[in-house]
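Here the structure is laid out as structure tokens; the discussion comes afterwards.
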Amino acid sequence: MDKNNIIHFSNSKNMKENKNELFKSIVDTKVHVGSIVTDNDFKIYKNNYFGFEMKVPNNWITLEHEDLVRFALENFNRLNISDTEKKQMIEAMTTDSISLFSATPFPRGSKQPYGSNQKLDNPSLNCTAQKVIMHPNKTSLDFMEGIVENLKSGNMGFKYDEVSDVHSVIISGKRFDSIEGKAFINAGRDTVHTKCYSTLKKGYQLLIITSSITEEGSKDLDKLVINLVLS
């Protein structure tokens, strides 16, 4: 069996300098947030702590933990909230829900033609590590069922009109819990395709989320997930 295939089963450190120096990444130094290296035509995100790596085409835009925290801080600075609330949000991103890395084929914030129908799309993959050690009796399935509810309620950006049941897949020889969702936007003219993959490692839920408006973009994201390597 090719360890890179996805097999479906029955349902079941420190932040870069910023103009606002008040907030800094306080990730537990024991948790390796990973790094990206370049290898010929690919960028490879490697995380020794959680024991996995993911290969991304070299022309894609990738962001590491520090970049993601910095972008979040810039967004928080636009909100009408106190410095204390901003600091709490940053602490949540760096301790409870650690943003590890993201990948998109086009620069963040740009709109580029994608696919044969020339729809505007910027497929994205995001990987986080969410602390779950305080819930020792819960499984990955339990946490994924919570994500299903968030998708249906609109707590993850869109209110998803279709959400699958949680089902098991095997990626690189490791069992993941997975769900798929569709949100119909722009008066039903477009569909956001989202897939979530979850597994528990070292007291964290390793969570990979892909999102795309076009089928072409969704397939490209699938290729990234299929080639995930776990140790």
Exercise. Judged by modelled atom types alone, do Ser198 and Asp177 share a side-chain donor-acceptor pair under 3.5 Å?
Worked result: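 Checked: Ser198/Asp177 side chains show no N/O donor-acceptor pair below 3.5 Å.
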Exercise. What residues form a salt bridge (charged side-chain N to carboxylate O under 4.0 Å, His left out) with Lys55, not counting sequence neighbours?
Worked result: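 Scan of Lys55 (salt bridge (charged side-chain N to carboxylate O under 4.0 Å, His left out), adjacent residues dropped) gives none.
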Problem set entry | Listed partners of Lys223 passing salt bridge (charged side-chain N to carboxylate O under 4.0 Å, His left out), at least two apart |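 If we apply the salt bridge (charged side-chain N to carboxylate O under 4.0 Å, His left out) test to Lys223, skipping adjacent residues, the hits are Asp220.
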Exercise. What residues form a ring pair (Phe, Tyr, Trp, His ring centres under 6.0 Å) with Phe50, not counting sequence neighbours?
Worked result: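 Ring pair (Phe, Tyr, Trp, His ring centres under 6.0 Å) check on Phe50 returns Tyr204.
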Problem set entry | ring pair (Phe, Tyr, Trp, His ring centres under 6.0 Å) partners for Phe52, two or more places apart |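 Testing Phe52 for ring pair (Phe, Tyr, Trp, His ring centres under 6.0 Å), a comparison that skips the adjacent residues, returns Tyr45.
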Exercise. Partners of Asp142 by side chain to side chain donor-acceptor pair (under 3.5 Å), sequence neighbours excluded?
Worked result: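 By the side chain to side chain donor-acceptor pair (under 3.5 Å) rule, Asp142 matches Thr139.
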For this session: Could I get the full list of side chain to side chain donor-acceptor pair (under 3.5 Å) partners for Thr199, not counting sequence neighbours?
Result: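 Once residues adjacent in sequence are excluded, Thr199 has no partner under the side chain to side chain donor-acceptor pair (under 3.5 Å) criterion.
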Mind checking what makes side-chain contact (heavy atoms from CB on, under 4.5 Å) contact with [X], not counting sequence neighbours?
X: Asn186; answer: Arg189, Asp190
X: Ser211; answer: Ser124, Val192, Thr194
X: Lys219; answer: none

Problem set entry | Pairs touching residues 195-215 that satisfy salt bridge (Lys or Arg N to Asp or Glu O under 4.0 Å), sequence neighbours left out |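 Pairs touching residues 195-215 that pass the test: Lys195-Asp222.
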Exercise. Rest of the hydrophobic cluster containing Phe42 (Ile/Leu/Val/Met/Phe/Trp/Tyr, side-chain heavy atoms under 4.5 Å)?
Worked result: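 None; Phe42 is a cluster of one.
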Exercise. So which residues get pulled into Leu200's cluster when ILVMFWY side chains under 4.5 Å apart are joined, directly or through others?
Worked result: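 Val132, Phe143, which link up through side-chain heavy atoms under 4.5 Å apart, make up the rest of the cluster.
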For this session: Please answer whether the main-chain N or O of Phe106 pairs with a side-chain N or O of Thr104 as donor and acceptor at a distance below 3.5 Å.
Result: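 Such a contact is found between Thr104 side chain and Phe106 backbone.
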For this session: May I ask you to decide if Ile98's main-chain N or O and Thr128's side chain share a donor-acceptor pair within less than 3.5 Å?
Result: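 A pair under 3.5 Å: no.
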For this session: Compare all side-chain heavy atoms of Ile147 with those of Ile209 and state whether any distance is below 4.5 angstrom.
Result: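 The answer is no, as the side chains (C-beta and beyond) never meet within the 4.5 Å cut-off.
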For this session: Side-chain contact test, heavy atoms from C-beta onward, threshold under 4.5 Å: evaluate it for Glu64 versus Ile36 and give yes or no.
Result: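 Of all side-chain heavy-atom pairs linking Ile36 with Glu64, at least one is under 4.5 Å.
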